[in-house]
Amino acid sequence: MNSGEIVSRLRELGDAFKADLKSRESEMDIRALQAAYLGGKGEVTALRKMLGKIPAEERRTVGQALNDVKDRIEKAATSAIDILKEGASREYLERHVDLTLPGRVPTVGSLHPLSIVMYDIVDIFVSMGFDVVSGPEVETDYYNFGALNFPDDHPARDMQDTFFIKEGRTLLRTHTSPVQVRTMQSRSLPIKVVAPGVVYRRDDDPTHSPMFLQIEGLLVDEGVTFAHLKGVLSAFIHQIFGRDVKLRFRPSFFPFTEPSAEVDIECIACRGRGCRLCSQSGWIEILGSGMIDPAVLEESSIDPERYTGFAFGLGVDRIAMLRYEGITSIKLFYENDPRFLGCFRR
Ligand code: DAH
């Protein structure tokens, strides 16, 4: 055979391999066919052996043709095997898995409803220029009561109401108001902060949990008046409960404010007509507030002749129960049942 004949025979072998492949149905068959073409006894090898007998200047072309056919055969074998495997796995899936079933959507976590309400409240005060601060949950009697002008015999200091760690010394804070004192003693004036956090009281019924959330607010500057308190708190309530909700400032008493006021909103459930939720009064208490007592300012080395301020404290759980009507027990917030918690989105 001359070199032209060898080259064209090699091309024919490449085509013949492809045609033979069609009848092979397993990987083993395909590999056997490949060995028959390219192995020691195959025709390609026989043609390769003729390389030595052809003129040197034609060897390059024949060598190239030998490599090409080897390449074509190997590639065709591999791709035929790939196709077989893919078909087998599809057939397997179709036999064992129902591909028409809908997929499983992974569940995405959500914020706790109390966190949602807390962030919403904090955002409103931040938009009015308040900073966010925090304080410890294990407090001393001094910050929780003493520096806030609670007399020694105040009932809140009683074992019945407060979780004491060391009687008369350390306790679980009963409100976020101690953060007021810590802030006044560590920050320079003017001060404009809110302090969200967990507080503890020896209370346990459908509307009281031994652990609950409060947000404290504090503003101290020159020339602060009760009108500022009313303006800030009215703006806050209208943002959280809507423009048309009615509210009232009701005279009250706290040891650390003078004068003091509690703020009520018209009952969300009955629109003021009187129902079980509002104990037939038509009003629901939302927060406590007042002008900071001069004795409290003095205790934190702030001159009450020059500076005045207001403070307020609100219960996040109460606001959440009002916002998400139909929550009949505060306990739901703390049982951490994902079926309940998953109902809320910010
Ligand atoms: N600390 C009070 C409580 O837990 C709430 C409160 C009332 C906070 C009046 C204040 C305030 O800052 O001025 O019931």
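First listed ligand is number 1; within each ligand, the first listed atom is number 1. Please read these numbers as outputs of a predicted model, since none were measured by experiment.
For Lys70 (side chain) and Val44 (main-chain N/O), no donor-acceptor pair under 3.5 Å exists by modelled atom type.
Here the two rings, on Phe130 and Phe236, have centers that are 6.0 Å apart or farther.
Under the 3.5 Å distance criterion, with hydrogens and angles disregarded, no donor-acceptor pair is assigned to the side chains of Glu139 and Tyr200.
Within 4.0 Å of ligand 1, heavy atoms belong to protein residues His175, Ser177, Gln180, Arg201, Gln214, Glu216, Phe254, Phe256, Thr257, Gly288, Ser289, Gly290, Ala311, Phe312, Gly313.
Rounding to the nearest 0.5 Å gives a distance of 11.5 Å between CG of Leu171 and CZ of Phe163.
No cation-pi contact links Arg201 to Phe212, judged by a cut-off of 6.0 Å to the six-membered ring centre and 45° from its axis.
Under the 4.5 Å side-chain heavy-atom criterion for Ile, Leu, Val, Met, Phe, Trp and Tyr, Val245 and Val263 are members of the same hydrophobic cluster.
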